[in-house]
Amino acid sequence: ARRRIDGELTRRTIDFMQRQARAGKPFFAYVPLTATHFPTLPHPDFEGKSGHGDYADMLVQTDAYVGQMTAALDKLGIANDTIVIFTADNGIEHPDNGDGQYAGWTGPWAGTYFTAMEGGLRVPFLIRWPGKVAAGSSNNEIAHLVDVFPTIARWTGAEVPQDRPIDGVDMTDFFTGKRAKSGREGFVIYVADDLRAVKWRGWKIHFAWAET
C-alpha cells in the first residue's frame with residue numbers, strides 16, 4: 001500500500017480536475033506526493049527503472065506522475081488558465097534512515113530537514129503560469145513556503161485574515177517579474193518548538209548547532 005499511494009493520489013487528482021473542468025468550475029488541487037519520505041519505496045511499475053536504486057526510481061516516478069497531471073491539464077484545454085506550483089516543505093532525510101539509501105542529495109549544501117542547515121531548508125520551487133510568470137526564468141532570492149498562502153489569496157481575489165498574525169509575504173510582483181527582489185529578507189528556523197536559527201539574507205545566526 002505504501003508504494004501505491006502516490007499513484008492513487010495522481011489518479012484521484014486527474015479525476016477531480018476532469019470533473020471540475022466538465023462542470024466549468026475553477027478548482028484548487030493540493031497534491032501531497034509522499035514517496036520522498038522514508039522509507040522511499042517506488043511503485044512496482046517504477047521499481048528498477050532508474051538502475052540506481054529506490055530513491056532514483058522514486059524520482060523517475062514523481063516526474064512521471066507530475067507529467068501525467070500537467071498532461072491532463074493540456075488535454076482538458078485549461079493549461080493556460082491554471083497555475084501549477086511544484087515545491088517541497090523540507091530538505092533530505094537523516095542519513096541514518098535506511099543506512100543512507102533514502103537520504104537524497106543536496107548538492108553543496110550540508111544538513112538534513114532536522115537541522116537549520118541549508119540542506120534542510122533549500123527546496124525546489126517552480127511555478128507555471130502562462131502569460132504571467134516568464135517561462136525559463138530563475139531567481140535565487142529568498143521565498144518561504146508560508147508566502148504561498150497570501151500570494152494565492154491575492155491571485156484568486158480572496159481576503160487574507162486580519163484577526164491574526166500572518167507570516168507569509170505576498171510574492172505576486174516578484175513571481176511575475178515586476179520586481180527583482182522577493183520582499184522577504186529572512187525567516188526564523190524552528191525544529192519542533194526549538195528555535196534553532198534565524199536567517200537574514202546571506203547570513204544566519206545559530207542558537208543550536210546540528211549538522212545532521
Side-chain angles (χ1 to χ4, degrees), residues 5-7 9-10 12-14 16-17 27-38 40 42 55-56 58-73 79 81-94 102-109 111-156 158 160 166-177 179-191 197 199:
I5 292 173
D6 284 6
L9 287 171
T10 300
R12 287 173 179 252
T13 299
I14 293 173
F16 168 70
M17 294 191 299
F27 61 84
F28 174 83
Y30 169 60
V31 191
L33 298 178
T34 67
T36 53
H37 289 84
F38 173 79
T40 306
Y55 195 87
M58 177 276 304
L59 295 179
V60 173
Q61 169 182 299
T62 301
D63 183 66
Y65 289 158
V66 173
Q68 289 172 23
M69 288 183 276
T70 55
L73 294 174
D81 300 315
T82 305
I83 302 165
V84 177
I85 296 176
F86 179 92
T87 189
D89 57 349
N90 54 252
I92 65 171
E93 293 274 0
H94 193 284
Y102 302 120
W105 185 64
T106 57
W109 310 111
T112 71
Y113 74 89
F114 286 118
T115 74
M117 306 293 283
E118 294 298 286
L121 304 176
R122 292 178 179 244
V123 298
F125 189 92
L126 297 88
I127 300 178
R128 189 182 77 172
W129 190 5
K132 297 290 186 178
V133 175
S137 59
S138 62
N139 199 300
N140 199 40
E141 284 283 298
I142 296 174
H144 197 288
L145 196 60
V146 298
D147 299 330
V148 174
F149 170 57
T151 304
I152 290 181
R154 179 176 171 185
W155 292 350
T156 59
V160 174
I166 299 295
D167 293 328
V169 176
D170 180 2
M171 293 286 183
T172 297
D173 290 345
F174 173 58
F175 289 157
T176 56
R179 57 181 294 176
K181 296 292 184 179
S182 74
R184 174 178 288 281
E185 294 187 300
F187 51 89
V188 295
I189 303 159
Y190 279 88
V191 175
K199 183 178 176 68

Is any side-chain heavy atom of Val84 closer than 4.5 Å to one of Val66?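 Val66 does not reach Val84 side chain to side chain.
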Taking [X] for the side chain and [Y] for the main chain, is one N or O donor matched with an acceptor at less than 3.5 Å?
{"X": "Asn90", "Y": "Tyr113", "value": "no"}
{"X": "Thr176", "Y": "Lys132", "value": "no"}
{"X": "Thr151", "Y": "Met171", "value": "yes"}
{"X": "Glu93", "Y": "Phe38", "value": "yes"}

Might you point out which heavy atoms bring [X] and [Y] nearest each other, and give the distance in Å?
{"X": "Val169", "Y": "Asp147", "result": "N-OD1, 2.7 Å"}
{"X": "Ile166", "Y": "Phe149", "result": "CD1-CE2, 4.2 Å"}
{"X": "Ala72", "Y": "Met17", "result": "CB-CE, 4.1 Å"}

So, taking the atom named [atom1] in [X] and the one named [atom2] in [Y], what distance separates them when rounded to the nearest 0.5 Å?
{"X": "Asn139", "Y": "Lys181", "atom1": "CG", "atom2": "NZ", "answer": "8.0 Å"}
{"X": "Leu33", "Y": "Phe86", "atom1": "CG", "atom2": "CZ", "answer": "7.5 Å"}
{"X": "Asp170", "Y": "Arg184", "atom1": "CG", "atom2": "CZ", "answer": "11.5 Å"}
{"X": "Met69", "Y": "Thr82", "atom1": "CE", "atom2": "OG1", "answer": "13.0 Å"}
{"X": "Thr36", "Y": "Asp89", "atom1": "OG1", "atom2": "CG", "answer": "8.0 Å"}
{"X": "Thr172", "Y": "Ile152", "atom1": "OG1", "atom2": "CD1", "answer": "10.0 Å"}

Which pairs would a plain distance check flag for residues 118-130, meaning a side-chain donor or acceptor within less than 3.5 Å of a matching protein atom at least two apart in sequence or in another chain?
residue, atom, partner, partner atom, Å
Glu118, OE1, Arg122, NE, 2.8
Glu118, OE1, Arg122, NH2, 3.3
Glu118, OE1, Lys199, NZ, 3.4
Glu118, OE2, Lys204, NZ, 2.6

